[in-house]
Amino acid sequence: MKHTKFILAGVALLASSVSVFAADATLNFTGKIILPTCTVTSGTSNQNIDLDSIKITDFTGTTANPKSFGVDLESCAPGTKVSMTVNGTNDTVASVLKNSASGTGAATYVGIQLLKATNAGDTTGSAITLGTAQSIGTVDSTNKMSIPMVAQYYKLGTLTAGSVAASATVNFTYN
């Protein structure tokens with residue numbers, strides 16, 4: 001029996017040497033890591049670009065009446081890489097918006113082509129493939145970026161006279 005008392009005394013001694021901790025406070029942490037973004041300036045977020053009237057005989061090639069315009073971004077973080085995707089209904093050429101004018105007064109075999117220009121005011125540039133992301137560049141220390149563009153008529157076949165209309169949306173991604 002003495003042996004049993006010794007073991008119980010040893011267990012009691014071990015239990016008294018272990019500290020017991022209780023949670024007096026609970027800390028929960030939340031946060032979010034976000035990509036940098038920009039804001040499209042109000043003056044360039046909703047535009048109507050008039051390509052003016054043109055005679056069928058004024059087409060000397062496949063394009064005519066280029067008009068420069070642009071989309072401006074502000075409130076960007078310097079160093080942000082910007083990509084742009086232009087979406088719209090394309091015609092038989094991936095960079096040409098389909099003429100959405102309908103009825104008997106609609107022109108046929110013509111669409112609107114969009115180009116990414118090098119400088120503001122340019123009337124030439126690189127064709128923008130609809131629905132495909134295109135790298136625009138990196139925001140500098142001004143926290144702004146201007147994206148010069150061009151819209152022009154694009155001849156798809158034997159033209160007929162009439163109205164031409166098209167629309168597109170522009171989406172930006174930032175890294």
Side-chain angles (χ1 to χ4, degrees), residues 23 25-52 54 59-102 106-157 159 163-175:
T26 301
L27 305 174
N28 296 306
F29 302 93
T30 61
K32 190 180 228 181
I33 306 298
I34 62 171
L35 292 172
T37 62
C38 300
T39 303
V40 178
T41 62
S42 60
T44 64
S45 64
N46 188 11
Q47 300 184 55
N48 295 311
I49 294 99
D50 186 0
L51 296 182
D52 299 326
I54 185 171
F59 275 87
T60 57
T62 54
T63 64
N65 253 31
K67 296 288 180 174
S68 65
F69 69 100
V71 176
D72 296 328
L73 304 176
E74 63 185 0
S75 303
C76 305
T80 300
K81 294 178 183 173
V82 179
S83 294
M84 172 181 78
T85 303
V86 178
N87 294 299
T89 303
N90 66 290
D91 210 308
T92 56
V93 176
S95 64
V96 177
L97 292 163
K98 186 175 182 130
N99 182 9
S100 63
S102 59
T108 59
Y109 296 104
V110 65
I112 306 294
Q113 184 180 47
L114 299 177
L115 309 173
K116 165 72 176 74
T118 303
N119 301 299
D122 287 354
T123 55
T124 60
S126 303
I128 297 171
T129 302
L130 301 173
T132 302
Q134 178 177 354
S135 177
I136 299 301
T138 303
V139 176
D140 63 19
S141 61
T142 65
N143 301 347
K144 297 178 181 182
M145 178 180 272
S146 291
I147 303 154
M149 299 171 74
V150 177
Q152 60 189 1
Y153 289 115
Y154 192 95
K155 181 178 167 182
L156 296 158
L159 297 171
S163 59
V164 178
S167 63
T169 58
V170 181
N171 297 60
F172 294 98
T173 53
Y174 311 95
N175 292 323

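Numbering of residues begins at 1 and proceeds along the displayed sequence. Since we're looking at a predicted model, the values are computed, not measured.
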Is a donor on one side and an acceptor on the other found under 3.5 Å between the side chain of [X] and the backbone of [Y]?
X	Y	value
Q47	G70	yes
T39	S75	no
N65	L51	yes
D91	V93	no
N99	S163	yes

Do you know which of V96, L97, L130 makes side chain to side chain contact (heavy atoms under 4.5 Å, CB included) with N90?
L130
What closest approach, in Å, do A151 and L114 show between heavy atoms, and which atom pair accounts for it?
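Where A151 meets L114 most closely, the heavy atoms are CB-CD2, 3.9 Å.
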Point-to-point distance, once rounded to the nearest 0.5 Å, from [atom1] of [X] to [atom2] of [Y]:
X	Y	atom1	atom2	answer
L73	N143	CG	CG	11.5 Å
K98	T92	NZ	OG1	8.5 Å
T173	Q134	OG1	CD	11.0 Å

Working note: F172 + T80, criterion side chain to side chain contact (heavy atoms under 4.5 Å, CB included); need CA distance, chi angles, decisive distance, verdict.
CA-CA 12 Å; F172 294 98; T80 300; over 6 Å; no
Are I128 and M149 close enough, and set up right, to give a side chain to side chain contact (heavy atoms under 4.5 Å, CB included), and what steps lead you there?
CA-CA 9 Å; I128 297 171; M149 299 171 74; 3.6 Å; yes
